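Structure first, then comments.
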Amino acid sequence: MTKRAPETLAATALGWIDSQTDAMAAPLRPSTSFLRDPTDLGRTGRMFTRDDNPTFAQPEALINALEGGAGCLLFGSGMAAIISVFQRLSPGDHVVLPKLLYSGLRDWINIHGLRWGLTATYVDTCTPTCLQAAIIPGKTKLIWLETPSNPTWSITDIAAACACAHAAGALVAIDNTVATPILTRPIEHGADIVLHSCSKYLNGHGDLIGGAVVVAKGHDALLSDLQKIRNEYGAVLGSFEAWLLLRGMRTLALRVKAASETALKVARALENTPLVQEVLYPGLESHPDHPIAARQMHGGFGGMLSFRVKGGEVAAKEVASKVQVFRQAISFGSTESVIEHRAGMEKPDSPTPRDMLRVSIGLEHSDDLIADLHQALAAVEQELARTDKNV
Ligand SMILES: *Cc1c(COP(=O)(O)O)cnc(C)c1O
């Protein structure tokens with residue numbers, strides 16, 4: 001097939017047409033069970049939807065094509081997809097993860113993974129020497145990366161990390177939820193496994209929970225093991241969610257680019273705001289990882305940014321309570337912008353700075369978003385000035 005751009009792949013949902021009806025939009029097929037032939041064998045290769053459902057086929061094929069993988073599996077949530085990769089490991093296996101990462105995974109490792117016999121080292125994965133030093137030859141089976149990583153948006157050089165990992169015989173898995181394949185395609189840089197929370201940008205409308213795993217070429221056994229894990233642990237997506245996900249992904253490229261453009265404008269505006277201590281966005285020249293981001297990301301730096309507020313945790317929470325266009329809520333990657341005091345959402349041992357707010361930029365006009373943050377910051381600045389005088 002001619003190589004097509006991601007925009008084209010997504011907008012056309014791979015150009016699929018229903019063979020029975022010539023319908024251009026995919027049908028939803030909720031059937032749990034599939035007819036067997038007279039000798040009691042599955043006629044279509046399908047038997048029961050916990051194992052596979054025809055509604056999965058198109059969104060899986062589209063995510064796989066966007067990531068340049070050899071196969072994709074949808075899961076009931078991003079967490080279910082991620083955990084399937086760890087469930088394939090054995091007691092005694094060692095994994096390396098970033099110090100700052102999606103906190104749900106850190107919690108799973110610390111609460112369940114360690115109890116089941118995994119060992120884990122958290123390092124600064126952005127520095128290849130740190131990553132190298134964390135690898136235990138013969139024991140390290142998996143290097144986990146997130147780039148840009150929650151919630152400070154640091155960038156890992158994927159090719160450099162893959163070189164370290166592969167030399168030691170470890171696989172590299174990348175949580176690509178934040179960048180999406182529109183901005184970064186980890187398999188092109190050598191990654192073995194790519195993960196998504198489809199609940200974020202892939203679906204993009206904040207109305208479903210889903211996850212996906214993509215494996216690179218040469219990992220057929222891994223793919224079939226993950227499919228068995230999905231079936232046997234029951235981590236399957238609903239057919240309606242699979243259908244809705246495909247619909248959402250048709251506009252993926254437009255949404256991600258618009259959010260990235262607006263995020264850069266918002267980040268620049270925040271940099272020049274008195275109450276802001278520091279803006280963390282890989283698109284800013286001031287971000288320590290900007291050079292790697294500029295090399296590795298294409299078409300933008302994503303819709304996620306964070307900023308630290310002078311006056312600490314209390315002032316940060318005050319800012320979040322005063323926004324009017326942004327919504328104070330968890331999650332990201334939807335059409336509306338949200339703001340969150342992230343450390344407050346994470347466990348007490350979280351390394352997330354307590355004076356930091358995390359922002360997901362949606363599809364609103366940048367002027368409205370900037371004005372909203374400015375009015376909230378100005379109001380808190382005035383409050384602080386007043387209390388200073390009273391002291
Ligand atoms: C939300 C998120 C997850 C978990 O996905 P769910 O769909 O909520 O289970 C994993 N990784 C990252 C980076 C996320 O943002």
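From a predicted model like this one, the values you see are computed outputs, not experimental measurements. Each ligand, and each atom within it, is numbered from 1 in the order the structure gives. Positions are given from 1 along the sequence.
Around NZ of Lys310, the count of heavy atoms belonging to other residues, nucleotides or ligands within 6.0 Å exceeds 12. The number of heavy atoms from other shown groups lying within 6.0 Å of CZ (Arg50) is above 12. Annotation: Arg88, atom CZ; neighbour count of heavy atoms from other residues, nucleotides and ligands within 6.0 Å is above 12.
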Discussion item. For a ring-ring contact (aromatic ring centres under 6.0 Å, His included) check, start with the C-alpha distance between Phe86 and Trp144, then their side-chain angles and the critical distance, and finish with the verdict.
Written reply: CA-CA 10 Å; Phe86 288 89; Trp144 191 270; 5.0 Å; yes
Fill in: Candidate pair Ser149 and Ser154, rule side chain to side chain donor-acceptor pair (under 3.5 Å), full reasoning
CA-CA 5 Å; Ser149 72; Ser154 38; 3.0 Å; yes
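For ligand 1, the 4.0 Å heavy-atom shell takes in Ser77, Gly78, Met79, Ile82, Tyr102, Glu146, Asn150, Asp175, Thr177, Ser197, Ser199, Lys200, Gly210, Phe332, ordered by chain and residue number.
Val85 and Val236 are not part of a single hydrophobic cluster, where members link through side-chain heavy atoms under 4.5 Å apart.
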